[in-house]
Amino acid sequence: MARDGSTGRRTRRAPGDAEAGQTHEARGEASGDAGAGKARGAADVEAALDELYGTPPAAFVTRRTELAAAARQDGRADDARRIRAARRPTLAAWAANLLLRREPEESRAFLELGEALREAYRGLDADAIDALSEQRRRVVSALTAQAVRHARDAGQPVSDTVRQDIESTLRAVLADADAADQWAAGRLRAALTPPSDFTAGAAPPPRARRRPPPPPPTPAPARQEDELAERRRRRQERLEQARAAAEEAERRLDAVHAGQRDTDTALERARRGEERVRRRLAEAERESADAEERLRRAQEAYDGARDALTEAQERLRQAERETRDAERRGRAAAEAVTRAEREAREAAQVVKRLEGRGSRA
């Protein structure tokens with residue numbers, strides 16, 4: 001039994017209602033899963049494009065092919081087509097994208113400065129705009145130098161022409177809201193060109209103009225003075241806001257530059273230390289090579305001496321064998337002389353006996 005929410009009466013659910021409800025729930029879960037899958041796919045392709053536009057231009061095409069193939073293997077054909085449609089950025093555009101990724105705080109302050117300057121530009125006179133131009137140039141120059149340094153650290157040297165394109169892009173970001181939106185997306189494909197009319201004393205950009213309202217009835221002199229004072233006050237407020245934004249951007253850049261100087265100093269010390277270690281290593285390698293050469297010569301001398309000793313020992317053994325042979329021959333000769341003398345004595349005795357017998361006979 002279920003209660004009808006509109007009448008308060010209890011109504012009976014038909015036997016198929018439960019099954020239908022389960023079917024609708026299952027369909028809802030399926031559609032929810034599909035929606036979640038689409039959301040994941042959208043996040044995946046956005047992440048892939050962000051990675052792609054952070055890739056150095058020289059490796060862009062190869063990485064685009066890899067990411068498109070991965071999306072295609074995952075069954076995301078639309079994502080693969082979108083990735084393949086991505087165009088390789090110029091070196092200046094890539095460096096501007098890299099600046100946005102490497103310096104998020106400074107980039108955010110720069111975008112805020114652009115908003116403040118554009119707002120001030122709509123209501124300020126030429127002198128007020130000119131007062132901000134020097135700060136604007138310093139900020140653009142400092143961020144351009146950071147972009148060039150990041151590109152160089154990433155292995156991409158930047159020419160003077162590319163540096164000018166980076167600076168032009170940043171000036172466009174300050175002057176034009178559409179350019180600021182393009183840069184903030186982090187996927188610039190080419191350098192941006194600032195509008196020619198964002199200069200001191202020029203009229204506001206056409207895109208910022210609004211259709212003037214119909215002229216109001218002529219107010220009384222006191223009211224005119226009040227309105228003029230109010231417009232001056234608002235103009236002064238916009239000028240102060242723009243100046244404050246520019247000064248804040250400069251302070252942040254100064255802090256970044258101070259940190260970069262500390263980093264550069266530490267890097268220089270590390271490089272000098274590395275150079276000292278390399279020199280010591282080279283000296284140690286030379287000493288090791290000299291020691292190895294001396295060891296080799298000593299080994300050769302030792303081997304020669306050992307061979308000479310072996311040869312001398314062999315000659316000594318040979319001489320000892322010859323001496324023993326000579327001694328044996330000498331003893332044999334002495335024994336032969338002794339036997340001969342004994343035999344001679346015996347023969348003499350025999351002769352003597354024989355002679356004695358002959359005389360008696």
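Keep in mind the model is a prediction, meaning the values are calculated, not measured. Numbers for residues simply follow the sequence, beginning at 1.
- Taking the side chain as every heavy atom from C-beta outward, Arg189 and Thr90 never approach each other to under 4.5 Å.
- Residues Glu292 and Arg296 are not paired through a salt bridge, judged by the lack of any N-O separation under 4.0 Å between the basic side chain and the carboxylate.
- A salt bridge links Arg278 to Glu274: one of the charged nitrogens lies within less than 4.0 Å of a carboxylate oxygen.
- In this structure, Glu119 and Glu115 have side chains that are not in contact, with every pair of non-hydrogen atoms separated by 4.5 Å or more.
- Note that OH of Tyr53 and CG of Leu98 are 15.5 Å apart. Values are rounded to the nearest 0.5 Å.
- Using a cut-off of 4.0 Å between Lys/Arg side-chain N and Asp/Glu carboxylate O, Arg297 and Glu293 are scored as salt-bridged.
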Practice problem: Could you check Arg272 against Glu275 for side-chain contact (heavy atoms from CB on, under 4.5 Å), going step by step and ending with a plain yes or no? | Solution: CA-CA 5 Å; Arg272 287 197 297 267; Glu275 184 61 27; 5.5 Å; no
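- Looking at Thr55 and Trp94, their side chains never come closer than 4.5 Å, going by heavy atoms from C-beta outward.
- A donor and an acceptor atom, one from each side chain of Gln318 and Arg321, are located under 3.5 Å apart.
- Looking at heavy atoms from C-beta onward, Arg82 lies out of side-chain contact with Arg76 at the 4.5 angstrom threshold.
- Scanning both residues, Leu91 and Pro157, for their nearest heavy atoms gives CD2-O, 3.6 Å.
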Self-check item: Verdict with reasoning, Thr169 to Thr193, per side-chain contact (heavy atoms from CB on, under 4.5 Å)
Solution: CA-CA 6 Å; Thr169 297; Thr193 302; over 6 Å; no
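- Judged purely by atom type and a 3.5 angstrom limit, Ser107 uses its side chain to pair as donor or acceptor with the backbone of Glu103.
- Between atom CG of residue Asp79 and atom CG of residue Asp44 there is a gap of 7.5 Å, rounded to the nearest 0.5 Å.
- Atom CG of Leu143 and atom CD1 of Ile166 lie 11.0 Å apart (nearest 0.5 Å).
- Between Arg280 and Glu287 there is no salt bridge, since no side-chain nitrogen of the basic residue lies less than 4.0 Å from a carboxylate oxygen of the acidic one.
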Quiz item: Arg84 and Arg72: side-chain contact (heavy atoms from CB on, under 4.5 Å), yes or no, with the steps?
Solution: CA-CA 11 Å; Arg84 285 198 303 271; Arg72 189 169 56 252; 3.4 Å; yes
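- Remark: Arg317 does not engage Glu320 in a salt bridge, criterion side-chain N to carboxylate O under 4.0 Å.
- Of all the heavy atoms in Ala191 and Ala92, the pair that sits closest is CB-CB, 4.4 Å.
- Here the closest non-hydrogen pair linking Leu49 and Ala86 is CD2-CB, 4.1 Å.
- Within the 4.5 Å cutoff, the side chain of Arg306 has heavy atoms near those of the Asp303 side chain.
- The existence of a salt bridge linking Arg315 and Glu311 is confirmed by a sub-4.0 Å separation between a basic side-chain nitrogen and an acidic carboxylate oxygen.
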Practice problem: Could you walk me through whether Glu355 and Lys352 pass the salt bridge (Lys or Arg N to Asp or Glu O under 4.0 Å) test, one step at a time? | Solution: CA-CA 5 Å; Glu355 288 176 350; Lys352 186 176 180 179; over 6 Å; no
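- A salt bridge does not link Asp176 to Arg118: none of the charged side-chain nitrogens sits closer than 4.0 Å to a carboxylate oxygen.
- Contact annotation: the side chain of Glu341 never approaches that of Glu346 to less than 4.5 Å [non-hydrogen atoms, C-beta and beyond].
- Open room surrounds CZ on Arg88; 12 or fewer heavy atoms of other groups in view lie less than 6.0 Å from it.
- Gln164 and Asp160 are not linked by any side-chain donor-acceptor pair at a separation below 3.5 angstrom, with hydrogens and angles left out of the test.
- A salt bridge does not link Arg101 with Glu51: none of the charged nitrogens is closer than 4.0 Å to a carboxylate oxygen.
- The distance from atom CZ of Arg149 to atom CG of Leu99, rounded to the nearest 0.5 Å, is 9.5 Å.
- Residues Arg171 and Arg137 have side chains not in contact (no heavy-atom distance under 4.5 Å, counting atoms from C-beta outward).
- Within the 4.5 Å cutoff, the side chain of Val158 has no heavy atoms near those of the Arg152 side chain.
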Practice problem: Evaluate the criterion side-chain contact (heavy atoms from CB on, under 4.5 Å) for residue pair Gln349 and Arg353; output intermediate values, then yes/no. | Solution: CA-CA 6 Å; Gln349 291 175 358; Arg353 283 195 303 268; 3.9 Å; yes
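- With values rounded to the nearest 0.5 angstrom, Gln182 atom CD is found 5.5 Å from Leu192 atom CG.
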Quiz item: Is there a salt bridge (Lys or Arg N to Asp or Glu O under 4.0 Å) between Arg187 and Asp50 once you walk through the steps?
Solution: CA-CA 7 Å; Arg187 298 177 189 171; Asp50 285 340; 3.0 Å; yes
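- Taken from CG in Leu188 to CG in Asn97, the straight-line distance is 4.5 Å, to the nearest 0.5 Å.
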